[in-house]
Protein chains: 2
Amino acid sequence: MKAHATYAGASCHHGQAGESCANCKVRLVSVCSALEAADLHLLEEMARSVCFPAKATLFSQGDPADAVYTITSGVARLYKLLPDGRRQIVGFALPGDFLGLAMQEANGFSVDAVDPVVACRFPRKAYAALVDEKPHVLHRLHEFATHELTLAQDHMMLLGRRTAEEKVVAFLLGMRERWAKLDRLSINVPLPMSRQDIADFLGLTIETVSRTFTKLARDKTIVIVPDGVRLMNLEHMETLAAA
Amino acid sequence: MKAHATYAGASCHHGQAGESCANCKVRLVSVCSALEAADLHLLEEMARSVCFPAKATLFSQGDPADAVYTITSGVARLYKLLPDGRRQIVGFALPGDFLGLAMQEANGFSVDAVDPVVACRFPRKAYAALVDEKPHVLHRLHEFATHELTLAQDHMMLLGRRTAEEKVVAFLLGMRERWAKLDRLSINVPLPMSRQDIADFLGLTIETVSRTFTKLARDKTIVIVPDGVRLMNLEHMETLAAA
DNA sequence: CGAAGAATTGAGTCCTATCAAATGCCGTGG
DNA sequence: CCACGGCATTTGATAGGACTCAATTCTTCG
């Protein structure tokens with residue numbers, strides 16, 4: 001199961017600056033799609049491709065936000081911590097996703113790489129200037145923000161009012177849909193994140209997540225495969241998630 | 001305890017169009033602050049003051065979004081429902097708050113009045129046109145959206161990882177802060193919404209909310225008063241909420 | 001004053017968390 | 001190649017916090 005191999009295979013060796021935005025695999029699904037071909041070189045001037053090995057930190061909650069990112073390949077987790085160590089993952093960023101919508105002085109959450117991540121980094125000041133100059137980009141940014149807000153509201157529903165099984169099923173369907181937009185639609189859903197990550201996303205413990213996976217597997221609703229799951233009974237899952 | 005009497009007292013009798021945006025009590029905290037005095041008449045042309053008695057519906061999830069609103073007085077609840085009736089309140093809208101950030105075809109949640117609500121209604125098309133024309137307004141809208149997103153992420157942390165007592169305490173502190181920005185800072189926190197609303201906001205049951213209030217009152221952390229609570233031990237509450 | 005809804009209180013249960021142990025999975029190095 | 005060690009995951013047993021069901025008590029308002 002390497003459904004996301006296309007993205008995972010992206011470069012990170014040649015280091016240096018953004019090897020041409022025009023060829024960027026995620027451009028059309030990213031904020032950059034707001035720019036005409038003519039403006040792309042503006043981006044290239046400020047962009048810089050950076051990579052992070054698995055578990056590396058892109059930035060931390062409270063840090064001054066000196067840059068924004070678009071994920072080029074790999075998956076990152078966005079999370080908040082309580083002083084006593086409890087963690088809530090507020091989202092997973094997939095290729096094409098934008099980090100830094102808030103445009104605030106300090107980051108509201110921490111982000112680190114789940115698997116090796118390649119991202120396009122823009123200095124915040126230069127980026128803010130571009131946004132001020134091109135209302136079109138701001139418009140696109142606002143679209144992203146409201147989309148995120150919608151996702152956040154759906155997730156509140158999930159966290160506050162759904163059972164463990166419903167949470168896991170909704171999570172799997174959600175991941176499937178997100179991969180489908182990037183890759184090819186597949187009943188194989190890649191899950192690069194750990195069970196602990198899933199638990200912290202769904203407001204559960206790792207044990208409950210694990211038990212729920214095995215229960216779904218016993219039901220023949222899913223099959224657990226290396227690095228992911230295969231969905232065997234979509235209809236049943238949709239029913240559970242709608243419930 | 002009528003800490004919000006200033007707003008609750010706002011007009012709704014004379015009906016008709018927006019009695020001058022320049023005099024609007026919430027203008028400076030609303031999206032409208034993005035407009036110069038010179039542009040305010042543009043708003044007045046499209047705005048229309050509307051009022052809703054307690055429990056009335058402003059709009060429902062899935063409805064075509066034909067208007068956006070700024071709350072002028074009163075409190076509204078934003079919520080999502082599951083087919084089986086479970087409800088998650090995703091936020092409370094106070095005076096100055098904006099409804100319709102998404103600018104999408106269909107509303108992503110339902111909204112109804114907790115107590116009598118007065119709102120400033122803008123037809124969506126006219127509003128969208130204004131936004132397209134004035135990047136400054138879009139910028140302000142985006143500020144609101146990212147602020148909402150930050151609140152939503154904090155709320156995910158609360159829903160997923162906090163205990164019942166922490167939830168209630170964080171809720172009270174949050175409401176206190178929001179009223180403080182409108183009204184005068186006070187240890188009296190108005191709570192126009194019902195216990196059931198609070199429960200559906202915090203991902204708890206009404207009984208658990210009630211028991212937690214009683215426990216906090218026994219502790220002398222709060223005093224329960226008609227239409228709200230009085231916070232008697234802020235320091236203790238901050239500790240619980242930080243934890 | 002009395003009815004209807006809201007809030008509180010009580011008793012018992014259940015879902016999920018907690019604590020603990022076993023198993024599986026890899027990369028390392030002999 | 002395979003044994004070893006460390007980490008992730010699964011499985012088991014038990015406990016507890018919040019839920020459910022049910023009964024009062026309190027408010028509000030006609």
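No hydrogens, no waters, no symmetry mates; every other heavy atom, side chains included, goes into these values.
Listed nucleotides: D:dA18, C:dA17, C:dA7. Nearest to the side chain of B:Ser194: C:dA7. Comparing C:dC19, C:dT16, C:dT8 against the side chain of A:Glu207 picks out C:dC19 as the nearest.
Between C:dT9 and B:Arg211, no contact under 4.0 Å exists linking OP1 or OP2 to a side-chain N or O. For A:Thr205, no side-chain nitrogen or oxygen approaches OP1 or OP2 of C:dT16 to under 4.0 Å. For the pair B:Thr214 and C:dT9, the criterion of a side-chain N or O lying under 4.0 Å from OP1 or OP2 is met.
The distance from atom CD of B:Gln196 to atom C1' of C:dG5 is 13 Å, rounded to the nearest whole Å. B:Asp227 places its CG atom 11 Å from the C1' atom of D:dT27, with the value rounded to the nearest Å. B:Lys167 places its NZ atom 12 Å from the C1' atom of D:dC19, with the value rounded to the nearest Å. Regarding B:Ile206, its CD1 atom lies at a distance of 14 Å from the P atom of C:dG5, rounded to whole Å. B:Arg86 places its CZ atom 13 Å from the C1' atom of D:dC19, with the value rounded to the nearest Å. Residue B:Arg195 contributes atom CZ, which lies 10 Å from atom P of C:dT9 at whole-angstrom precision. As rounded to whole Å, 12 Å separates atom P of D:dA18 from atom CG of B:Leu202. One atom, CG of B:Asp115, and another, P of D:dT28, lie 15 Å apart when rounded to the nearest Å.
Because its NZ or CZ atom is both nearer than 6.0 Å to the ring centre of B:Phe213 and within 45° of the ring axis, B:Arg195 counts as a cation-pi partner of that residue.
No side-chain heavy atom of A:Lys167 sits less than 4.5 Å from a side-chain heavy atom of A:Val209.
No donor-acceptor pair under 3.5 Å is formed between the side chain of A:Glu177 and the backbone N or O of A:Gly174.
B:Asp112 and B:Thr57 make their closest contact through CB-CA, 3.6 Å (heavy atoms, listed as atom of the first residue, atom of the second, distance).
Ion pairing of B:Asp97 with B:Arg178 is present here, as a side-chain N (NZ or NE/NH1/NH2) and a carboxylate O approach within less than 4.0 Å.
Heavy atoms of B:Ser210 sit under 4.0 angstrom from at least one base atom.
Both A:Ile224 and A:Arg161 lie close to DNA chain D; mapped to their nearest nucleotides by heavy-atom distance, the more 5′-ward contact belongs to A:Ile224. Mapping B:Thr208 and B:Lys55 onto DNA chain C by nearest heavy atom places B:Lys55 at the nucleotide closer to the 5' end.
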